[in-house]
Every structure is written in structure tokens, then in C-alpha cells.
Amino acid sequence: MDMHNAFSQIVPPELVKTLRTAQRVTVLTGAGISAESGLPTFRDPMTGLWEKYRPEDLATPQAFRRNPRLVWEWYAWRRELVSQATPNAGHRALVTIEQHIPEFMLVTQNVDSLHQQAGSQRVIELHGNIRRTKCFDENVVVENREESEEVPPRCPRCGGMLRPDVVWFGESLPAQAFQTAVEAAVHADVFFAIGTSGTVEPAASLARVAQRFGATVVILNLDVKPLEAPPLYHINGRAGIVLPALVH
Ligand code: BV8
């Protein structure tokens with residue numbers, strides 16, 4: 001089978017045609033796009049020490065107040081994993097798509113900076129970034145002081161505890177970021193939801209918004225039943241395989 005034919009086995013030709021003429025493309029990504037970079041997703045069992053904890057029980061302000069050391073160390077463990085990860089072919093394919101689409105917006109739930117490292121320019125981080133820290137009391141970004149022997153480290157300004165600059169469950173998303181993401185969903189010709197279980201709101205609502213405003217919606221995941229019913233597509237496959245086939 002020639003490569004073109006092979007790719008058309010992965011991506012419906014009708015969708016490739018739609019993408020070729022699209023002016024506005026919005027992409028929502030979740031932990032699944034970073035899985036092939038070796039980062040654990042949220043709802044696969046976390047390896048090692050954290051198997052007994054659910055992220056929803058750790059990624060909350062209440063958990064941090066209850067046990068700041070445990071939460072800080074969970075994020076330090078994840079920050080270490082993130083620091084060793086590099087972008088994969090799925091991240092890089094999105095950079096190529098961005099270069100060919102007049103109005104492109106990448107909205108991510110991920111906090112790992114892999115899209116930016118791959119070269120994506122227009123990235124909205126809905127849930128913050130694990131590499132940044134902020135003061136728990138003042139809610140302002142403070143540079144990380146990992147070397148401090150105190151766990152969690154203290155804010156140099158007010159002495160409060162430092163925390164990762166991510167959005168925890170029960171916390172509001174950055175208003176400007178979410179507003180921009182909603183506008184990008186409303187105006188999209190094509191909306192991709194890639195590697196996300198669609199369980200976390202309000203990020204998960206973006207695909208429904210795009211659909212309501214007439215976009216072609218593409219759900220790319222490992223656990224979807226393939227569907228080719230334009231303007232809705234469900235593609236079952238790894239982001240690191242399917243996305244490069246799209247830009248082939
Ligand atoms: C809020 C922190 C207002 C950083 C995260 C309705 C409206 C508003 C709120 C809610 C609502 N209903 C419920 C809520 C509350 C809550 C919520 O959604 N709870 C869920 C659990 C039901 N939402 C909130 O609290 C949000 N806040 O709305 O503010 C407010 C204010 C006060 C009071 C009430 C409301 C805040 C949500 C943000 C939470 N923080 N992260 C961090 O530690 O990372 S969310 C966390 O989950 C991560 O950011 C993660 O990215 C995100 C979503 O998960 P996914 O990315 O989808 O990852 P998951 O593992 O689930 O799925 C991966 C998928 O990839 C799988 O489907 C798998 O099959 C697939 N996959 C795997 N490998 C591959 C692949 N696909 C392709 N290729 C592969 N190779």
C-alpha cells in the first residue's frame with residue numbers, strides 16, 4: 001500500500017479536504033497528546049507511590065491546606081517527569097498545521113509546556129503551567145525556590161507557602177484565557193479535541209460550543225469508536241501517528 005493510501009486509511013479523505021480549505025482551526029489538547037512523550041495521563045493509574053491517590057484528591061486547595069508537603073512533593077515528582085519529557089510527533093504536527101492555517105489557536109489543558117517547546121506559537125494554557133510557582137497567600141507568581149530546605153518553600157515577599165501555578169479543582173480558570181478559548185471555539189471552521197477524556201469542565205464544553213456554532217468537530221482519542229459523519233469525526237488512534245498523517 002502506498003503511503004498516501006496508508007494515510008487515507010488513518011484520516012478520512014473528506015476531512016483532509018475540509019482541513020485544506022479551513023481558515024480558522026482551533027485545537028483542544030489534553031494529557032493524551034503528551035502520553036507519547038512519556039508523561040502519565042490523569043486517568044490511567046499513576047505509577048509508583050501515587051497509585052493510591054486520585055489527582056482530583058490532590059489537585060485542590062483543600063488538599064494543599066491539609067497536607068502541603070504531600071501536594072508539593074506530588075507536583076515536584078511531576079515537574080521532574082516533565083523536565084525529562086520532549087515533544088513528540090503529535091506536538092510537532094500541530095506546529096505544521098498552525099503554519100498552514102490563517103487563524104489557528106491551540107488551547108491546552110496540559111501544564112507541561114511541550115507545545116511551546118515543539119514550536120507552537122499561539123497557545124492558551126487553560127490550567128496553568130507546572131514549571132511556574134506562585135504564593136498561596138498572595139496568588140502572585142514567584143520564581144521557584146526548589147533548593148530551599150523547607151517543603152513547600154516560602155514566599156520571599158510574605159513568607160507564605162509556595163504552590164504550583166496550576167488551576168486546581170474548585171478554582172476558576174484564568175478568565176482571559178478561557179474567554180479567548182471560547183471565542184476560538186465559536187469561530188472555528190474545524191475544532192479538534194485531541195487526547196482528552198472530556199471529563200473536566202469547563203474545558204470539555206469547548207467542543208460542544210464549536211459544534212453548536214457549526215464547526216467540523218474531530219475527536220481524536222484511543223477510546224473512541226471510529227465515526228465518519230461530517231461534520232463530526234471520531235478518529236481512534238494515537239495522536240503521534242494520526243496527526244502526522246494529517247499533515248503528510
Ligand atoms: C472551575 C491541574 C469554576 C493541573 C486540572 C461544570 C462547570 C464548571 C466546573 C465543573 C463542572 N462540573 C464539575 C466541575 C468541577 C471541576 C471538574 O470538572 N471536575 C471533574 C473531575 C468532574 N472543574 C473545576 O473545578 C474547574 N474549575 O470550573 O471553576 C468553579 C469555581 C469554584 C467552584 C466551582 C466551579 C477547574 C478544572 C481544572 C482542574 N485542574 N489540572 C494539573 O495538576 O495538571 S485538570 C486535569 O485534568 C489536567 O489539567 C488534565 O489535563 C485535565 C483533563 O484531563 P485530560 O487532559 O482529558 O486527561 P485524561 O487522563 O482524563 O484523558 C486522557 C485521554 O487521552 C484519555 O481519553 C486517553 O484515552 C487519551 N489518550 C491516551 N494516550 C493517547 C490518547 N489519545 C491520543 N493519543 C494517545 N497517545
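Read the numbers this way: they start at 1 and go in the same order the structure lists the ligands and their atoms.
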Modelled atom types, side-chain donor and acceptor of Thr86 and Gln117, under 3.5 Å
no
Short list, please: which atoms of ligand 1 are under 4.0 Å from a heavy atom of Thr196?
55 (P), 57 (O), 64 (C), 65 (O), 67 (O)
Say whether Asp165 and Thr133, considering side chains only, have a donor N or O and an acceptor N or O under 3.5 Å apart.
no
Before signing off on this row, confirm whether Trp74 and ligand 1 have an N or O atom pair separated by under 3.5 Å.
no
Hey, mind stepping through Thr180 and Met105 against side-chain contact (heavy atoms from CB on, under 4.5 Å) and telling me if it holds?
CA-CA 9 Å; Thr180 307; Met105 185 63 79; 3.8 Å; yes
Numbered in order shown, the ligand 1 atoms found under 4.0 Å of a heavy atom of Gly30 are 56 (O)
Any Gly237 heavy atom less than 4.0 Å to ligand 1
yes
Atoms in ligand 1 flagged as close to Ala35, the criterion being non-hydrogen separation under 4.0 Å
73 (N)
Please say whether Trp168 places an N or O atom under 3.5 Å from an N or O atom belonging to ligand 1.
no
Given His127, Arg78, Glu36, which has its nearest heavy atom closest to atom 42 (C) of ligand 1?
Arg78
For ligand 1, which atoms have a heavy atom of Pro202 less than 4.0 angstrom away?
28 (O)
Record the part of Ala239 in heavy-atom contact with ligand 1 below 4.0 Å; permitted values are side chain, backbone, both and neither.
both
Could you tell me whether the side chain of Ser113 reaches within less than 4.5 Å of the side chain of Val82, counting heavy atoms only?
no
Applying a heavy-atom cut-off of 4.0 Å, say which part of Val166 lies close to ligand 1: side chain, backbone, both or neither.
side chain
Look up atom CG in Leu126 and atom CD1 in Ile124, then write down how far apart they are to the nearest 0.5 Å.
7.5 Å
So which of Ser172, Ala193, Ser197 gets nearest to atom 3 (C) of ligand 1, if we judge by its closest heavy atom?
Ser172
Is it the case that the side chains of Gln116 and Ser120 hold a donor-acceptor pair, with the cut-off being a distance below 3.5 Å and no angle test?
no
Plane angle bin for Trp168 and Phe136 - parallel if under 30°, tilted between 30 and 60°, otherwise perpendicular:
tilted
With a cut-off of 4.0 Å, which atoms of ligand 1 are near a heavy atom of Asn110?
51 (O)
Under 4.0 Å from a heavy atom of Glu171: give me the atoms of ligand 1 that qualify, with their elements.
1 (C), 26 (C), 27 (N), 29 (O), 36 (C)
Where the closest heavy atom to atom 64 (C) of ligand 1 is concerned, which of Ala31, Pro61, Gly195, Ser34 has it?
Gly195
Measure Val200 to ligand 1 on non-hydrogen atoms and call it side chain, backbone, both or neither using the 4.0 Å cut-off.
both
Between the CZ atom in Phe192 and the OH atom in Tyr233, the distance rounded to the nearest 0.5 Å is 10.0 Å
Any nitrogen or oxygen of Leu173, main chain or side chain, under 3.5 Å from a nitrogen or oxygen of ligand 1?
no
Regarding Arg78 and the six-membered ring of Trp74, is the cationic atom NZ or CZ under 6.0 Å from the ring centre and inside 45° of its axis?
yes
Could you name the option among Phe169, Tyr75, Phe42 that has the heavy atom nearest to atom 48 (C) of ligand 1?
Phe42
Rounded to the nearest 0.5 Å, how far does NE2 of His234 lie from CG of Leu220?
11.0 Å
Will you find, in the side chains of Asn236 and Lys225, an N or O donor that is under 3.5 Å from an N or O acceptor?
no
So, 4.0 Å and heavy atoms of Gly170: is ligand 1 close enough to count as a contact?
yes
Could you verify whether a donor N or O on one side chain and an acceptor N or O on the other, from Thr216 and Thr18, lie under 3.5 Å apart?
no
Whether Ile33 lies under 4.0 Å from ligand 1, heavy atom
no
